[in-house]
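Start at 1 with the first residue, then count along the sequence. Start at 1 and go down the list; that is how both ligands and their atoms are numbered.
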Amino acid sequence: MSIFGPKIKVRFAPSPTGFLHIGGLRTALYNYLFAKKNKGSFILRIEDTDSKRKVEGGVENIINTLHSCELNYDEGPILNQKLKVKSQKSKIKEKGNNGSYIQSERLPIYKHYVERLIEKGTAYYCFCSAEKLEEEKKKQQAEKLPTKYGGHCIKNTKEDAEKRIKNGEKYVIRLKIPENGSTEFEDEVYGKISIKNEFIDHQVLLKSDGFPTYHLANVVDDHLMGVTHVIRGEEWLPSTPKHILLYEALGWPLPKFAHLPLLLNPDKSKLSKRQGDVAVEDYLKKGYLPEALINFVALLGWNPKGDQEIYTLKEFIRYFDLKSINKSGAVLNKEKLDWMNGEYIKAKPIKELTELCVPYLKDAGLVTKKTDKKLIEKIIKIEQGRIKTLQEITEGVEFFFKKPDYVAELLIWKKSDKKETKTILTTLLKFLETLPKGKFEEEKLEKETQRWLKKENINTGDALWPMRTALSGQKASPSPFELAWALGKAEALQRIKDAIKKL
Ligand code: GLU
């Protein structure tokens, strides 16, 4: 501890249920921003005590996705990329002195603390069967009462309970909740929260399989890992009073709590759970840039004042403030994300953008190792302002790589006809042939061609429409000058010759 108080420490504590949810990315980001802003540290902890929800490869997924988004943590599990081993688990290493950072590897620790609670009399063994609990719940529901455990086993003596356990009876361990009074705390976002203890359930701390519940493991780890601020989604707000009682039962000081507003669909319903809509890795696969995703999720529920929309991570760190997080739900607006991603794409240097786009073009079978790199760069330059995701680079660009297949009629502009089009394309070809290669550059080509059209008194549409369609074979495409530049003089002229032949 320094003279300024304990060092700020936060954590992101996802459960490895398959993929990182966009809401999880926001939680991780806010924790990261808060840690960086306060020169504190940031932990990644894996909460995998619910074996039913665990998914193979889930931990790797979380680590990789955080890594892609450059949300680097100071402590937590990391992947040992160099290890080529069969078992996934041995690929995971850790950094930090408070490990293990994977809860399933900490079971004896939870057992130790739950026993301490039993000793102190703030937790008790419960032998009630699932059927009995279900019956109780139904009855409470029918009477419109809050559903909670009736506390039947509280009266069991410790000796009695131990005897029953010896006899092989199944049990769980529950937290004793005071019958009267209220539990209160000050949330950094929601302000004062107060709940009457009579509404708090006697929370199960240790399950019958010997695993801790989320509540026990979460509190024990936050304490042992030195977490000073718990920043997490609003869905955990109702659990916080239980956590507070647990901290008190264990005689530990409370961390500060900040709950983040829910994420909503545009119709204000709770954000869809369908993986395609909410998995960060799916967004990355579709070609959303990590920087754009970070920018987008940062503004879900918080906003540095002003109308600026594009921020660097450094700026976010500078401006971040827990107190200015909104209380009301944040709508996830996909159009805004598309716009933002488009802005990030526009700002990318061509070489870098090309490298990012090539895998998509390869996957779509449009380019191979042999494809001319210069041609790809030119296409990227032409499309840079249009695409909203990297994936979109594969749409409508096939003709650049492959001679187009189209019907002769496509070459004819409005009132023109086959014969006239053929004549015009033939003279245009002759003119283009006279241009030196150096003039085959978008703007110069446009200038020279326009000048020539004027001199020859040829209607622009009658010449440029067939030129463009000859080059692309498409009804809609970039301008004929961009196309000719990208294809290069030889290929462009060849395509115009092919068009003349067609007519
Ligand atoms: N394991 C919880 C989750 O999956 C963590 C909640 C918390 O941060 O306390 O979101």
Side-chain angles (χ1 to χ4, degrees), residues 8-35 40-55 58-63 65-66 71 73 75-77 98 100-107 110 175 185 187-190 193 203-205 207 211-247 250 252 254-263 270-271 273 275 278-281 297 300-301 322 325:
I8 298 258
K9 217 170 185 193
V10 292
R11 81 319 188 257
F12 174 49
S15 299
T17 52
F19 59 87
L20 182 61
H21 191 281
I22 198 104
L25 182 66
R26 183 193 58 178
T27 304
L29 174 63
Y30 284 10
N31 274 288
Y32 172 88
L33 295 177
F34 187 71
S41 56
F42 175 39
I43 304 177
L44 170 66
R45 182 175 73 227
I46 303 296
E47 301 207 328
D48 61 344
T49 57
D50 186 351
S51 45
K52 280 187 249 89
R53 294 178 65 220
K54 227 182 199 169
V55 168
V59 180
E60 287 80 356
N61 236 320
I62 290 166
I63 296 177
T65 313
L66 290 178
L71 294 184
Y73 39 88
E75 296 177 34
N98 297 288
S100 165
Y101 297 93
I102 299 185
Q103 287 186 329
S104 58
E105 292 172 6
R106 297 170 64 81
L107 301 183
Y110 310 124
L175 180 66
F185 67 101
D187 189 87
E188 300 292 298
V189 175
Y190 289 87
I193 306 274
Q203 187 57 54
V204 173
L205 301 176
K207 296 180 275 187
F211 273 71
T213 54
Y214 150 72
H215 307 279
L216 174 68
N218 189 273
V219 165
V220 167
D221 287 349
D222 280 347
H223 175 75
L224 296 182
M225 293 178 183
V227 170
T228 57
H229 291 72
V230 170
I231 305 172
R232 61 183 170 202
E234 198 206 83
E235 64 273 28
W236 301 104
L237 191 58
S239 298
T240 308
K242 294 175 194 168
H243 297 180
I244 293 193
L245 291 171
L246 196 46
Y247 277 103
L250 286 159
W252 291 340
L254 295 181
K256 289 204 182 317
F257 292 95
H259 288 88
L260 310 175
L262 283 181
L263 296 186
K270 199 171 167 222
L271 191 61
K273 282 216 164 29
Q275 163 153 5
V278 292
V280 178
E281 56 171 303
V297 301
L300 293 175
L322 276 185
I325 291 173

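In the model, Asp221 has a side-chain atom that pairs as donor or acceptor with a side-chain atom of Tyr110 under 3.5 Å. For the residue pair Glu75 and Tyr101, a side-chain donor N or O sits within less than 3.5 Å of a side-chain acceptor on the partner.
Looking at Thr27 against ligand 1, nothing comes within 4.0 Å, counting heavy atoms. Residue-level proximity to ligand 1 for Phe12 is absent, since no heavy atom of it falls below 4.0 angstrom.
Nearest protein heavy-atom neighbour of atom 4 (O) of ligand 1: Ser15 OG, 3.2 Å. Taking atom 5 (C) of ligand 1 as the reference point, the nearest protein heavy-atom neighbour is Ala13 O, 3.1 Å. Remark: minimum distance from atom 1 (N) of ligand 1 to any protein heavy atom is reached at Glu47 OE1, 2.6 Å. At the shortest separation from atom 8 (O) of ligand 1 among protein heavy atoms lies Arg11 NH1, 2.7 Å.
Within the 3.5 Å criterion, the main-chain N or O of Phe19 finds no donor-acceptor partner in the side chain of Asn61. Put simply, the side chain of Asp50 never gets that close to the backbone of Tyr214: no donor and acceptor are under 3.5 Å apart. Although no hydrogens or angles enter the test, the distance criterion places no donor-acceptor pair under 3.5 Å between the side chain of Arg11 and the main chain of Val227.
The Tyr214 neighbourhood of ligand 1 comprises atoms 2 (C), 5 (C), 6 (C), 7 (C), 9 (O), with distances under 4.0 Å to a heavy atom of that residue. Close contacts of ligand 1 with Asn218, meaning ligand atoms under 4.0 Å from a residue heavy atom, involve 7 (C), 9 (O).
Distances from ligand 1 to the non-hydrogen atoms of Glu235 include no value under 4.0 Å.
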Quiz item: Can Leu66 and Tyr32 be said to form a side-chain contact (heavy atoms from CB on, under 4.5 Å), step by step?
Solution: CA-CA 11 Å; Leu66 290 178; Tyr32 172 88; over 6 Å; no

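In this structure, Lys207 places its NZ atom where more than 12 heavy-atom neighbours from other residues, nucleotides or ligands lie under 6.0 Å away.
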